[in-house]
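Comments concern the structure below.
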Amino acid sequence: MKCISSLRMKAIDRNCECLGLLLIQLMENAGAAIAQSVREKLESGRVLFIAGRGNNGGDAFVAARHLAGSSGYIVKLILLGKARDIGTKEAFHNFSLLKFSRVEVIEITDSSQLEAEASDWYSEADLLVDAVFGTGIKGKIKEPESTAIDYINREGRAGKTIISIDIPSGLDPDGGSFEKAVHAGLTVTFHRMKAGLMSEKAKEYTGIIRVAEIGIFADAEQYTGPGDLMTLNRRESSGHKGDSGRILVIGGGPYSGAPALAALAALKAGADLVTAAVPAHVAEIVASYSPNLIVRKLSSNILCPEDLSILLDLINSHNVVVMGMGLGRAPETLETVRRILPFCRKAVLDADALAALSGTIFESLAGNCDLIVTPHAGEFALLRDMRTPESQDSCIKAVREFSEKEGVVTLLKGKIDIISDGKQTLLNRTGNAGMTVGGTGDVLAGLTGSLFSRNPAFLAAACAAYINGAAGDLAFEKAGNGLLATDVLEKITEIIKEADIG
Ligand SMILES: NC(=O)C1=CN([C@@H]2O[C@H](COP(=O)(O)OP(=O)(O)OC[C@H]3O[C@@H](n4cnc5c(N)ncnc54)[C@H](O)[C@@H]3O)[C@@H](O)[C@H]2O)[C@H](O)CC1
Ligand SMILES: [K+]
């Protein structure tokens, strides 16, 4: 069964919100699913919800309200904490609605109060619903949560049904480890199976697992969105120069603008140090574009094998190589690209560097070098030696299969970008028709390299596609179809700042 990580789930929730499907709507559906599970387990009787102050508790507030509206149930709810300490506006809103429902509520702040005031609530209940923690658990379990879990388990041992919301409280949703956890008879988890529920150790705690649909729509999961950016590693606030990425851009020769755009985009996306290694006759031109660039002059007018020793030194002192922009396709240039690749640990290959990739090169690099390729449809056709399909579904299949076969991450650029590592695939629809202007692909390559220095290849490529397109959309507001690659470059920081990932 396909599992989902708690981080990915959070990204999807955020993407839903950005598309207009609010968390409170998902919470309503989650709570309704829990109420229905209670009804299926208990025809009538006393139901006790034990709720924490997070959104797992929020699901319980909704479920309690729904159940209290059905005849035959006496519903009580213990809130572990004070109402004012409820952590999210959605959970707080649903808690506030309980005063109009027939739900008796008690607020408990310490374990002695749990014993003195809520012990009877536990013992008289026919069924208990565990909403102490869901996917938001962190660190050692504090009080009164720890005692609340012990009390739930005591009632479980007495033969009562325990239903856990999303995950038995205490269990790590991803690894499945725990210090203590609720022993549930039924776990109702939302949207997708969580990896932690499937671990060997977790099995005796989850009881039967039911996956409930809560209305998340496919677009939030299939397309990149601000939620995906949230899952990127942040720059270390206490880091040293170079900790947030040292990027080596290898490009230029017939052209000078392309490597400069890639290098500046890498800087704008947060890399600490960017070196552009460019053929001799464009070195001064590239340096003149910006004082932010470190330019290393290569030996000739094009990239050639004589540059190998200087390049191998540079590769060793950088953590990502971004190669191809404006290199041209002279045979000695393509040969140099091929000879450099085995020395790269992480590389983004764009434009002319893609023309150097043929035959079994990917196979020979497997395990050594983490690769992202960023072709457009024409370059993708050359890479596969096959026409790029017209229909989107066939294209997605082709990108997925190519990535799996060659062991690379592919970012196929187009009206809708397709990003795949062979297992995961995402689409990106930010961007606009104005971005067909020259240079926006160079910006994307630099952005990708920058994010790749701090993140896994697939996430870096997907988020770079999103940021590049979103920056292009901002640029379009001012410049329309006359936008330039430098306009896109200027907007990168706005997107990154807005997403709070800088
Ligand atoms: N798409 C979905 O799947 C949806 C899921 N929902 C539910 O939301 C929870 C996750 O909610 P979150 O607010 O992120 O976290 P929790 O409620 O699990 O916990 C946070 C809560 O607990 C406190 N806390 C954390 N660690 C500890 C500890 N060691 N000791 C004591 N207290 C701790 C923390 O301070 C917070 O107060 C998910 O599981 C689903 O149930 C949404 O409702 C709908 C969408
Ligand atoms: K729970």
Side-chain angles (χ1 to χ4, degrees), residues 3-17 21-34 37 49-63 79-95 108-111 128-149 152-153 156 162-174 177-194 196-197 202 205-207 209 211-217 220-221 227 230:
C3 294
I4 194 162
S5 71
S6 54
L7 197 61
R8 178 84 186 117
M9 194 68 242
K10 281 209 164 78
I12 295 170
D13 282 354
R14 176 87 184 98
N15 288 347
C16 278
E17 273 203 295
L21 178 58
L22 304 180
L23 182 63
I24 200 152
Q25 295 175 274
L26 299 178
M27 192 177 274
E28 190 70 23
N29 293 339
I34 296 297
S37 290
F49 289 83
I50 302 98
R53 300 172 312 278
N55 284 340
N56 199 251
D59 300 338
F61 308 148
V62 174
L79 172 66
L80 300 170
K82 286 277 174 207
R84 63 170 179 270
D85 297 325
I86 290 174
T88 70
K89 65 176 190 305
E90 292 81 6
F92 186 79
H93 177 78
N94 280 311
F95 183 78
I108 295 282
T109 49
D110 61 53
S111 47
L128 291 87
V129 181
D130 150 41
V132 180
F133 311 117
T135 53
I137 182 168
K138 280 191 187 68
K140 201 169 156 28
I141 301 174
K142 298 196 197 91
E143 290 293 356
E145 287 81 0
S146 183
T147 303
I149 290 175
I152 296 172
N153 284 339
I162 311 292
I163 299 180
S164 281
I165 300 187
D166 205 20
I167 193 155
S169 294
L171 216 67
D172 165 25
D174 298 314
S177 60
F178 53 90
E179 152 202 348
K180 75 161 66 163
V182 166
H183 270 273
L186 171 68
T187 298
V188 181
T189 199
F190 302 127
H191 185 57
R192 291 270 196 85
M193 180 61 87
K194 312 294 176 319
L197 295 176
Y205 287 81
T206 59
I209 303 174
V211 180
E213 209 27 86
I214 56 171
I216 287 173
F217 41 31
E221 208 164 355
M230 256 173 43

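This structure is a prediction, so every number in the text was calculated from the model and none was measured. In listed order, ligands and their atoms are each counted from 1.
- Listed as neighbours of ligand 1 are Met9, Lys10, Asp13, Leu23, Leu26, Met27, Arg53, Gly54, Asn55, Asn56, Asp59, Phe133, Gly134, Thr135, Gly136, Ile137, Lys138, Gly139, Lys140, Ile141, Lys142, Glu145, Asp166, Phe190, Ile214, Ile216, each bearing a heavy atom under 4.0 Å from the ligand.
- Salt bridge present: Glu145 and Arg53 bring a charged side-chain N and a carboxylate O closer than 4.0 Å.
- Among Thr187, Asp130, Thr189, the single residue meeting the side-chain hydrogen bond (donor to acceptor under 3.5 Å, both in side chains) criterion with Ser164 is Asp130.
- Expressed to the nearest 0.5 Å, how far OH of Tyr205 lies from CG of Leu171 amounts to 9.0 Å.
- Glu28 places a side-chain heavy atom less than 4.5 Å from the side chain of Asn94.
- Side-chain atoms of Asn15 and Glu221, non-hydrogen and from C-beta on, never get closer than 4.5 Å to each other.
- Distances under 3.4 Å from the K ion (ligand 2) pick out the protein N/O/S atoms Asn56 OD1, Asp130 O, Phe133 O, Ile165 O, Ile167 O, Ser169 OG.
- No side-chain heavy atom of Asn29 sits less than 4.5 Å from a side-chain heavy atom of Phe190.
- In this structure the side chain of Lys194 reaches within 4.5 angstrom of the side chain of Met9, judged on heavy atoms.
- For Asp59 (side chain) and Ala131 (main-chain N/O), no donor-acceptor pair under 3.5 Å exists by modelled atom type.
- Judged purely by distance below 3.5 Å, without hydrogens or angles, the side chains of Asp174 and Ser5 never pair a donor atom with an acceptor atom.
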